[in-house]
Structure formats: structure tokens, C-alpha cells
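The chain is numbered in sequence order, starting from 1.
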Amino acid sequence: MAACSIEDVLAKAEKDEAEKLKTITVHKDLDLEFDPGHLLAFDKNRIDTREFKGNKREDLLRSLARDNTQLLINELWKLPTERFKDVIVAKLPDPTTALPREKPAPKPKPPTKWEQFARLKGIQKKKKTNLVWDEVHKEWRRRWGYKRAKDDTKEWLIEVPENADPKEDQFAKKNNAKKERVAKNEFNRLKNIARAQKIKVPGMGLAPTSRQSKSELAQAASVAKISTASVGKFQENLPKEKTPKNTGKKRKFQPVIGDFSGERQKQLDLLKLMDRKKPRLDITKAVNKQMREEDMESSDNKKKGPGKKGRKGNMSGKGNMSGKGKGKGRPGGKGKVPKGNFKGRKPPMKQGRR
């Protein structure tokens, strides 16, 4: 009885294992089209739309992906194989499917001045070997770069020419000549770039600049002033030079390591401030705000109240009863008392015609 139960358990385990490990043979109504060069497989078989739109969509897509991947792997094993570092690899053929590019094809670089001249004269570029024989060291050395052959900059003794100054430093002269060659090559490179961008390039020297404005000259002067080692701290101002505006201030940061006690105290103060239920009150700021509000209210009340204290009417100035024509508060005119506030003194008497 026990032996039968063990056999049943083993049979069930084998069945479950067979269900998990599916066979490598997959049946399809239409054969797939393969492109091993791109590791592509095209499945033209029809998909059941009912299953795809139903609740088993994920299971259907998973089974299709598994079967098509198995067929692609079977196709790869048909290719010739070789062993590389204890691993068997397959030689992929050239791809046959033209895939679209993600980005447009790069445009060819415009030819340089030398390339245009070589094409015009029919000069063909010949490939030179990287190694040449050095007669001094009796060995093969690089043609260019570090430890190159016939490197005259590494000589410890230089013969002074007959027509040269005997006190002239030949080593410095040779170094300056090398710097000039490097600068010339860099200038030619920049000229080729400018010519490719269709920018006007002068024949000799640097490109002229347009006339600069006063603000541009001031900005250039300020930049040159702060380009010293001390960032212009000890640079004196020129005569009649104004201090530049909006120069900004250098930001100061706390040190990353060092004062641990100060950092700990700052963190504790921040935690105390966050733990308070009542907001922190700045008495000085609150008093100043209250005083400003009272001043604003008093100024508004003055504007809304009656007019300024003083006389009203056509009188201008203190005690001057001026008017245009006769009879308007002038002596000798018609008797009229001007309106106004005569507090602190007697009002003018009525005037009559004599």
C-alpha cells in the first residue's frame, strides 16, 4: 500500500514537472519569418480576438511570447557555432530587414582647405606606418607623440649656428617655435570651422570686432579687473572710474566638517522650533508693524477729514485781499466782506464808495 502511494506521488511530480517545462517543439499554422541578424521573428498567424479582448489577454500574450521566443532560439541553433572562451556561440548572418533610424543620418563634414586643394591637384593620401627607425637610439619608435623618433626637444646639447647670437638661449628658442606651430595649427582649425559655418574669415590676423558700446567696455573692464588672483581685491580704480553696480556678493557656506558642537546646537534649535505649538513671536518686529499701521491710519484720517485750516474764498496769502477788478474785496470797490476764518484778529470793515 505504501509502495503504491509512493509511485503515485512520483508520477504526479513528474506530471507537474512536465507541465512546467514545456517542450521545445511548437506547432504553428503558418511558419514564422526569421531575421537572425537582428534577432527578429515575424508571426503572421491570426489571433483569436475573443480571447484577446477577454480576461485572458495576459495569459495569451505570455504564451505567444514564449512560443515565438522558443522558435527563434531553435532557428539560432541551426546556425554554425563555435567555442569562444569555454562558451558555445552562434555566428549571426548579416541582417536582411531594413529598420528605420531613430535619428537622421549625420551630414558629411565640409572639406577643409587642404582637402579642397588636394582634390584639385589630385593628391592622394598615403597611409604611413606608425613606427620608424631611430638612428640615434637604434630602435623602432613612434612617428608622433610621446617617445617619438628624432625628438629634438629632448636633446641636452644644441649647436649654436654661426650667424646666431652666442648669448641666445637655443632651448627657449626651440620651445617658442613649437608653441608658435601649435598656435598656428589651432588657428587653422578654427578657420576651417568658421569656413564650414559660412562665417567671414580674414586672410591674415584675427577677425575684427564691431564697435563696442560704453556698457560693453565697462563690463569688459570689470571682468578684467576681477580676473586677478585676488579677484580684484587689491586692484585700484582707474581715474574717473565708477564702481560697477550689481556685482553681487560672494556666498558663504558653512564648513562641511569641523564645528560639530555648533552644528548640533543648530539642529536642536530647529527641532525645538518645530516642536512648539505656538508660533515664535518677534516682539520688535510686531511693535514696528503696529506703529506703521497706526501711522497709515492717521494719515488716511487726515486725508478724509475737512479741508486745511485757513481762509476760504478768493483770498490768497496772509491778509491780502486780492481780486481782479473793482468790487472784489478791494478798497474803493463795492462793499463785500470776504469769506474765511478770521480767528485771532478782527475782520476787515465794510468799505463804501466815497
Side-chain angles (χ1 to χ4, degrees), residues 82 84-87 89 91 94 101-210 212 216-217 219-235 250 256:
E82 63 179 3
F84 178 74
K85 293 182 180 181
D86 299 334
V87 179
V89 296
K91 294 182 178 180
D94 296 333
R101 291 179 59 91
E102 180 183 0
K103 297 180 180 179
K107 297 180 181 179
K109 295 182 179 180
T112 61
K113 193 173 182 180
W114 163 251
E115 291 175 353
Q116 293 177 358
F117 176 77
R119 187 181 301 173
L120 180 63
K121 297 296 183 179
I123 301 175
Q124 296 181 358
K125 186 178 180 180
K126 296 181 181 179
K127 188 176 181 180
K128 297 181 181 180
T129 57
N130 191 21
L131 298 177
V132 293
W133 179 255
D134 191 355
E135 293 291 343
V136 178
H137 299 87
K138 302 299 180 180
E139 62 180 359
W140 292 92
R141 288 200 168 191
R142 295 185 181 91
R143 189 184 295 272
W144 304 280
Y146 178 67
K147 288 186 178 181
R148 64 181 182 272
K150 301 178 183 179
D151 188 5
D152 53 355
T153 60
K154 300 297 182 181
E155 296 178 358
W156 65 275
L157 180 65
I158 300 177
E159 183 180 359
V160 180
E162 295 181 357
N163 56 353
D165 186 5
K167 296 183 179 180
E168 185 181 9
D169 190 356
Q170 299 297 326
F171 293 97
K173 182 179 179 180
K174 190 163 292 187
N175 291 334
N176 293 335
K178 181 180 179 181
K179 291 180 180 179
E180 291 179 0
R181 291 195 303 270
V182 172
K184 184 180 178 181
N185 293 334
E186 180 66 15
F187 180 65
N188 291 333
R189 186 183 71 86
L190 296 177
K191 285 175 66 176
N192 288 328
I193 295 174
R195 191 180 295 107
Q197 299 293 333
K198 296 181 180 180
I199 301 174
K200 188 176 181 180
V201 181
M204 296 294 294
L206 298 175
T209 57
S210 59
Q212 294 179 335
E216 292 176 349
L217 292 174
Q219 184 180 3
S222 63
V223 170
K225 186 176 180 180
I226 63 175
S227 61
T228 58
S230 61
V231 197
K233 184 177 181 180
F234 305 104
Q235 192 74 13
K250 189 174 182 180
V256 180

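The number of heavy atoms from other shown groups lying within 6.0 Å of NZ (K174) is above 12. Counting heavy atoms of neighbouring residues, nucleotides and ligands inside a 6.0 Å radius, atom CD of E159 does not exceed 12 of them. For CG of D165, the number of neighbouring non-hydrogen atoms (other residues, nucleotides, ligands) closer than 6.0 Å is greater than 12.
Closest approach of V132 to A149, counting heavy atoms only: CG2-CB, 3.5 Å. Of all heavy-atom pairs between N130 and W144, the closest is OD1-CE3, 4.3 Å. In plain terms, the two heavy atoms of F171 and L157 that are nearest each other are CZ-N, 4.3 Å. Looking at every heavy atom in both residues, I123 comes nearest to F117 through CD1-CE2, 4.1 Å. When all heavy atoms of K150 and D134 are compared, the closest pair comes out as N-OD2, 3.8 Å.
Remark: N188 CG to R195 CZ distance equals 8.5 Å, nearest 0.5 Å. Atom CH2 of W114 and atom NZ of K125 lie 11.0 Å apart (nearest 0.5 Å). Going from atom CD1 of I193 over to atom NZ of K109 covers 9.5 Å, rounded to the nearest 0.5 Å. One finds the OG atom of S227 at 8.0 Å from the CD atom of Q235 (value rounded to the nearest 0.5 Å). To the nearest 0.5 Å, atoms CG (N192) and CZ (F187) are separated by 10.5 Å. Separation of atoms CZ (R142) and NZ (K147) is listed at 8.0 Å; rounding is to 0.5 Å.
In this structure, the side chains of R143 and T129 come closer than 4.5 Å at one or more pairs of heavy atoms. Contact of the Q116 side chain with the L120 side chain is not registered, since no non-hydrogen atoms from C-beta on lie closer than 4.5 Å.
Remark: the backbone N or O of K103 is paired with a side-chain donor or acceptor of R101 at under 3.5 angstrom.
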Hey, mind stepping through N185 and R189 against side chain to side chain contact (heavy atoms under 4.5 Å, CB included) and telling me if it holds? CA-CA 6 Å; N185 293 334; R189 186 183 71 86; over 6 Å; no
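For the side-chain contact (heavy atoms from CB on, under 4.5 Å) criterion with E135, the lone passing option out of H137, E139, K138 is K138.
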